[in-house]
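Order of listing sets the numbers, starting from 1, for every ligand and every atom in it.
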Amino acid sequence: MANYFNTLSLREQLTQLGKCRFMDPSEFADGVSALKGKKIVIIGCGAQGLNQGLNMRDSGLDVSYTLREAAIKEKRQSYKNATENNFVVGTYEELIPTADLVINLTPDKQHTKVVGAVMPLMKKGSTLSYSHGFNIVEEGMQVREDITVIMVAPKSPGSEVREEYKRGFGVPTLIAVHPENDPEGKGLEQAKAYAAATGGDKAGVLESSFVAEVKSDLMGEQTILCGLLQTGSILSFNKMVEKGIDKGYASKLIQYGWETITEGLKQGGITNMMDRLSNPAKIKAFDLAEELKVIMRPLFQKHMDDIMSGHFSKTMMEDWANGDKNLLDWRAETGETAFEKTPAGDVSISEQEYYDNGVLMVAMVKSGVELAFETMTESGIIGESAYYESLHETPLIANTIARKKLFEMNRVISDTAEYGCYLFDHACKPLLTDFMKKIDTDVIGKHFGEGKDNGVDNIKLIKVNKAIRTHNVEVVGARLRASMTAMKPI
Ligand SMILES: NC(=O)C1=CN([C@@H]2O[C@H](COP(=O)(O)OP(=O)(O)OC[C@H]3O[C@@H](n4cnc5c(N)ncnc54)[C@H](OP(=O)(O)O)[C@@H]3O)[C@@H](O)[C@H]2O)C=CC1
Ligand SMILES: CC[C@](O)(C(C)=O)C(=O)O
Ligand SMILES: [Mg+2]
Ligand SMILES: [Mg+2]
């Protein structure tokens with residue numbers, strides 16, 4: 001199998017990368033009807049499998065799970081997830097031949113094996129769905145001609161797919177039909193019904209392509225969504241401890257700080273997150289973010305280039321073939337970091353204090369969101385998609401850190417995202433060494449400017465406000481958020 005993207009002509013690559021249409025909510029007027037009464041079988045009951053299945057069932061669809069035989073025999077966690085939630089579970093042989101829609105929610109590294117095993121069992125004219133297009137785009141999986149191949153990719157961890165649905169909202173979702181596999185022309189209607197069943201239509205759906213989803217998803221997860229949150233957590237914690245801030249306080253400020261400050265981001269973009277700071281702190285965060293953008297831009301560009309060329313996927317697949325050696329070593333290393341091992345202290349931190357004492361964290365979020373958005377759009381990814389993959393999803397990932405720190409984030413995201421997160425983190429920490437030497441507790445750990453005059457230079461403040469508000473991520477974001485009328489605070 002060859003990298004599908006690399007087999008396309010440049011013209012076709014650009015067309016597929018740029019495929020992205022924001023769908024009007026009226027296009028979902030038929031709700032889940034295209035899948036009503038159809039038999040839906042999900043392969044795998046992990047982070048996405050369980051949570052998507054719960055939403056689909058609550059939306060009135062007929063969902064069951066198929067697991068590999070060993071998982072059923074040994075009553076593994078996936079088996080418990082499904083049976084404890086009263087879903088029917090069966091082997092591939094028992095359930096796949098009955099399915100109208102087979103949803104593959106196993107880890108990307110297993111897709112070739114899993115699809116190879118289920119394809120001969122699939123009904124003629126049935127549909128195969130993915131939530132990430134890696135297998136199709138990076139591995140070039142070829143699917144039987146009579147089978148329709150669709151993608152419904154929530155731009156969120158599985159846990160938040162469920163939490164947002166329960167709040168009456170949803171998560172932005174990219175849907176696509178593989179151009180090589182749409183024999184009956186029914187792919188789009190089914191993908192729309194599936195997105196409605198998971199709640200995606202309430203947050204925003206983009207009609208996109210497998211290619212655009214893969215290249216943007218890999219970029220988001222490696223940089224702002226997971227990589228930079230990991231780097232920022234470790235560096236900020238170490239700095240506070242080095243400067244004598246109580247360890248329990250430092251641990252708590254970071255663990256819950258990302259979630260708190262990015263809630264401001266989700267509701268009102270970078271503008272609102274920055275407006276939560278005092279004027280002097282806002283100017284400081286702006287200047288720090290500008291400095292961070294200069295330092296980190298080449299690294300963001302390298303990640304995008306490696307994703308586009310296929311170098312990233314090739315090297316990660318080498319690690320798959322090597323029994324995930326790098327992934328497992330890096331996971332263990334993360335577990336040993338001082339931040340991870342220091343429990344949050346029993347101290348109270350008010351919502352505003354997370355902003356006032358976390359100016360550096362605000363600067364990191366601003367720089368990372370803007371850089372990810374700029375790098376993606378410069379590479380042909382459309383603004384709406386880049387917005388979901390940077391600004392909107394950052395809070396959804398931050399929610400997982402609030403639960404159990406980096407361990408939880410890396411457990412909940414896909415193995416693919418986890419691998420890319422460590423790659424970025426390992427390259428980013430040394431890049432920020434000199435920058436971090438200049439950082440003191442005024443911007444991380446203590447209230448910025450406390451006890452000082454709150455005055456600022458008006459001209460500078462006007463320039464800063466203008467730069468924040470006119471960035472393209474804010475322009476696109478304001479438009480997209482206007483249609484997120486069902487968004488709820490956490
Ligand atoms: N994690 C996330 O939040 C997101 C994931 N995605 C995509 O969703 C898909 C699923 O990822 P994710 O939910 O993280 O996966 P998980 O690792 O959480 O779950 C994997 C499930 O697949 C089963 N499984 C593992 N290996 C095999 C195998 N060889 N054969 C059959 N079943 C297997 C596991 O069960 P057992 O080992 O017990 O058999 C488990 O139930 C991926 O394509 C990913 O890129 C997309 C958006 C976000
Ligand atoms: C951010 C990581 C992700 O792409 C996701 C949760 O959207 C993943 O692969 O887990
Ligand atoms: Mg994603
Ligand atoms: Mg991903």
message: Apply ring-ring contact (aromatic ring centres under 6.0 Å, His included) to residues Phe134 and Trp320 and explain how you reach the verdict.
response: CA-CA 14 Å; Phe134 193 95; Trp320 295 354; 5.4 Å; yes

task: Before giving the answer on ring-ring contact (aromatic ring centres under 6.0 Å, His included), spell out for Trp258 and Tyr354 the whole-Å C-alpha distance, their side-chain angles and the decisive distance to 0.1 Å.
output: CA-CA 9 Å; Trp258 298 122; Tyr354 282 108; over 10 Å; no

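Near ligand 1, Gly44, Cys45, Gly46, Ala47, Gln48, Arg68, Ala71, Arg76, Ser78, Tyr92, Leu105, Thr106, Pro107, Asp108, Gln110, His111, Val114, Ser131, His132, Pro154, Ser156, Pro157, Gly158, Val412, Ile413, Ser414 each place a heavy atom less than 4.0 angstrom from the ligand.
Note that OG1 of Thr83 and CG of Asn86 are 8.5 Å apart. Values are rounded to the nearest 0.5 Å.
Take the N/O/S atoms of Glu221: the one nearest the Mg ion (ligand 4) is OE1. Atom OD2 is the N/O/S atom of Asp217 found closest to the Mg ion (ligand 4).
In this pair, Phe300 and Phe424 present their aromatic rings perpendicular. The plane angle is above 60°, beyond the 30 to 60° band. Relative ring orientation between His178 and Phe210 is described as tilted, the plane-to-plane angle lying within the 30° to 60° band.
Scanning both residues, Ala70 and Arg76, for their nearest heavy atoms gives CB-NH2, 3.5 Å.
Remark: Glu389 engages Lys155 in a salt bridge (Lys or Arg N to Asp or Glu O under 4.0 Å) (not counting sequence neighbours).
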